[in-house]
Amino acid sequence: MDNNSSLNSAQQEAVETIGGPVLILAGPGSGKTRVITHRIAYLVKTCGISPRHILAVTFTNKAAREMSARLEALLGEAAKDLSLGTFHAVCARILRQKGQEIGIDPGFTIYDDDDQISLMKRAIMDVGIDPKQYTPRVMLTRVSNAKSQLITPEKYSDMAHSYFEKMAQQCYKRYQILLSQSKALDFDDILMKTVELFNERPETLVRYQTRYRHVLVDEFQDTNITQYELTRQLAGKYKNICVVGDPDQSIYTWRQADIRNILKFEKDYPGAKLVVLEQNYRSTKTILAAADKVISRNQQRKQKSLWTENEKGTPITVVETADEQEEAQFVVSEVEKLVKEHVVSLKDCVVLYRVNAQSRALEEAFLRFGVPYRLIGGTRFYQRREVKDIIAYLRLVHNPHDTVSLRRIINVPQRGIGQRTLDDLLGWANQKSIPAYEALSLAARTEGDIPLAPRSRKTLVDFYDMLKRLVDRSKDLKASEMLDLVIEQTAYEKYLLVEEDGEDRWENIKELSTVARKYDYLDPPDSLTTFLEEVSLVSDIDSYDENADAATLTTLHQAKGLEFGAVFIVGMEEKVFPHARALPPLGDPTEMEEERRLCYVGITRAKKRLYLVRAGRRTYLGNTSNNLPSRFMDDIPQELVKKTGGRPEARTSSWASAPPWKPISPLGTPVANPPPTALKLELRPGERVRHEKFGNGIVVSTSPLANDFQVTVAFDAVGVKKLILSYARLEKIG
DNA sequence: GCCTCTGGATTTTTT
DNA sequence: ATCCAGAGGC
């Protein structure tokens, strides 16, 4: 089935329009990945273009891997000669090869978020301002935004008018100096410096332009200005550029992704061929119609009409539960039901939420019911303290100038090098303008005039000796051998195991060791270098294993690009989704439109079944609130929906039944925690009540609320209040 | 230098 | 609720 004749006419046009710029607007489920892979196969097989001359850029490693696997199926061995990778991976490779031309050390280290924060903190202190007032996070956002738009510290200073902006500019400048002293680049630098390299070395650009005669870009709606410029540079000579995207699925504008790049594309490449893929092969008519209704409310968008030949399918299930526990319980029991009835398999179920914090109640329910699940996101593997520690050692061995890593591990495990000694050492290094590693070496050899107590000096000497041994050995050890040596030399296992959760942490280190072993097929020092590079550029979603027999829990953002038989979107409430930060007065209409696109992305992940679930009461960040149903619910026409477990049709005050869905345990035994018993309302409008805080009042009205009631009371002293019956502890009087 | 307590902040995060 | 950083005590 995988030949071009199985493509629809629009897909075929997208595949076979070769030579010159092509813009493909691909709706969800429209066979985007198929089009890209077939286009590449067509270039190679039919047009006789060498795979060496083709570059395909994706946003995630996972997408790159998936594409690579499909191309291998289509092209066989020839697929190995294609250049295929993420923007960052491609640029990192270019910079390792040619970065020296603009003064970048080929052995540069890549700094992740945490590293950037600690470096920025130092930059802020160096500038001499208060890191409490100017937080590293905020400053870093400024810097990252600037870099995403190719704004250098120099250019930034032209735009910095307010005092705050001027401070940000200072921090940016200092931050860059610290980065270069550490021979490190942050994520944004990897892209921006590549653009810089191409600007400053036209002859180098020409080499890459000639090499990459055909450029393809996936998820084009998510490119920022820097990435756009990069593709413009690379395709500048032949203009054989094909970009694929969907403006309606742009959910990363907060990371400076710029939808306007699509408009700019049409302007920068006059006569670009436009292909629109509107046939959806994924979802039922019902699901697609709901998605369309939701996204149609956006003002800033190009009209697009998706259609499908798939069946109408079942109605969308809308569920209202009492609280997040009940919400989670509903999801798990429904998942079990779907699996038991063979509607979908377990691994074809996903639960999507707006913020990671929502995963907790869900995890608890999945655990309690004994339903296997896998969680994507949250605290990421490579962000775990113990994993970062070991990687810091390896990085330091690979690049001794990396001060962020040095600071991280110089006293881990504790070896008596405290803040004081560290400040003395680094302060001295700074004063002498020598790298920290060199200062350490001098201190160890009792050279130089470092003001150190003999005791401190001794600890530094021991540390330096160990580091030196590691560095020396790194030249002939593979990644996993190096890792083992680090663990042995630092007695890291012993250090971990005395801790409370040391066993788990040690497991993570063993896991890391397994990853490292995958790079042992390379010879030293490439083995370690490649390992470190890839470890810096991975994300959680990359390790998502679609074959594991488990349901998936993840954020709406991370679900992009995936599809599932059954999708549960939970927390369909105002302030949760759309997120409070997108609502006025905090947010603006642009942000609300992005939330709406996020909802569109969520809905369109579903093939057969879609559930929209909300809780009447939710505890978040330690306080409980009652949220209104999400505005996105209002956009879905009633005829597409079937309601369960919520408000009864007739509003009778005696409504007090258990939820219509029955929790089922895997073994058919009662669940450990049955849903809370429904309350009985015994209050009627006109009755006098007493509240411990608000005093006496009169009941104005009552209304049922999932498993609870909302009671409106006019208090004598404090006026009208809306209360939740189970919480208010109202007492009837008179 | 190390330990413990308190206060502040906590959207999303392809890389 | 919970995690983390910084301050202050031992």
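When reading the values below, keep in mind they use all heavy atoms of this one structure, side chains included, and skip hydrogens, waters and symmetry mates. Chain naming here is simple, since letters A, B, ... match the order of the sequence lines and numbering starts at 1 in each.
Side-chain atoms of A/Lys132 lie closest to C/dG6 of the nucleotides C/dG6, B/dT14, B/dT11. Comparing B/dT15, B/dT10, B/dT11 against the side chain of A/Leu537 picks out B/dT15 as the nearest. Distances were taken from every side-chain heavy atom of A/Arg360 (C-beta onward) to each of C/dA1, B/dT13, B/dG1; the shortest belongs to C/dA1. Closest to the side chain of A/Lys560, from the set B/dT14, B/dT15, C/dG6, is B/dT14. Side-chain atoms of A/Tyr252 lie closest to B/dT13 of the nucleotides B/dT13, C/dG6, C/dA1. Distance from the side chain of A/Gln414 is smallest for B/dC3 among the nucleotides B/dT13, B/dT11, B/dC3.
The aromatic rings of A/Phe198 and A/Tyr208 sit tilted relative to each other, their planes meeting at an angle between 30° and 60°.
Distance CG (A/Asp188) to C1' (B/dT13): 12 Å, rounded to an integer number of Å. Per the geometry, CD belonging to A/Glu66 stands 17 Å off P belonging to B/dT14, to the nearest Å. Computed from coordinates, the A/Ile117 CD1 to C/dA5 P distance equals 10 Å when rounded to whole Å. When rounded to the nearest whole Å, the span between CD1 of A/Ile251 and P of B/dT12 equals 13 Å. Computed from coordinates, the A/Gln358 CD to B/dT12 C1' distance equals 11 Å when rounded to whole Å. A/Arg385 places its CZ atom 13 Å from the C1' atom of C/dC3, with the value rounded to the nearest Å. For the pair A/Arg137 CZ and C/dA5 P, the computed distance is 11 Å after rounding to whole Å. When rounded to the nearest whole Å, the span between CZ of A/Phe108 and P of B/dT15 equals 16 Å.
The phosphate of B/dC2 (OP1 or OP2) has a side-chain N or O of A/Asn411 nearer than 4.0 angstrom. At the phosphate of B/dG1, neither OP1 nor OP2 sits under 4.0 Å from any side-chain N or O atom of A/Arg415. The side chain of A/Thr555 contributes an N or O atom lying less than 4.0 Å from OP1 or OP2 of B/dT13. OP1 or OP2 of B/dT15 lies within a sub-4.0 Å distance of a side-chain N or O belonging to A/Asn61. Put simply, A/Arg581 has a side-chain N or O that comes within less than 4.0 Å of OP1 or OP2 on B/dT11. Considering only side-chain N and O atoms, A/Asn356 lies under 4.0 angstrom from the phosphate OP1 or OP2 of B/dT12.
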Worked verdict on A/Glu533 versus A/Arg93 for salt bridge (charged side-chain N to carboxylate O under 4.0 Å, His left out): CA-CA 10 Å; A/Glu533 170 132 346; A/Arg93 203 178 313 140; over 6 Å; no
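When each of A/His88 and A/Arg420 is assigned the nucleotide of DNA chain B with its nearest heavy atom, A/Arg420 is the one assigned upstream, toward the 5' end. Residues A/Ser536 and A/Ala582 each lie close to DNA chain B; by heavy-atom proximity, the contact nearer the 5' end of the strand is made by A/Ala582.
Other residues, nucleotides and ligands place more than 12 heavy atoms under 6.0 Å from the NZ atom of A/Lys264.
No option in A/Arg122, A/Arg395, A/Arg407, A/Arg408 other than A/Arg395 meets the salt bridge (charged side-chain N to carboxylate O under 4.0 Å, His left out) test with A/Asp115.
The aromatic ring centres of A/Phe265 and A/Tyr228 sit 6.0 Å or more apart.
Under a 4.0 Å N-O distance rule, the pair A/Glu324/A/Arg360 does not qualify as a salt bridge. With respect to A/Arg597 and A/Glu594, a salt bridge is recorded, a charged nitrogen being found less than 4.0 Å from a carboxylate O.
Residue-level contact check: A/Thr421 touches the backbone only, with heavy atoms under 4.0 Å from sugar-phosphate atoms and none from bases. A/Tyr620 comes within contact range of no nucleotide atom at all, as no heavy-atom separation falls under 4.0 Å. Contacts of A/Lys121 with the nucleic acid, taken as non-hydrogen atoms under 4.0 Å apart, involve only primed sugar atoms and P, OP1 or OP2. Residue contacts for A/Asn623: at a heavy-atom cut-off of 4.0 Å it reaches no nucleic acid atom on any strand shown.
Side-chain atoms of A/Arg255 come within donor-acceptor range of the base of B/dT15, with a qualifying N/O pair under 3.5 Å.
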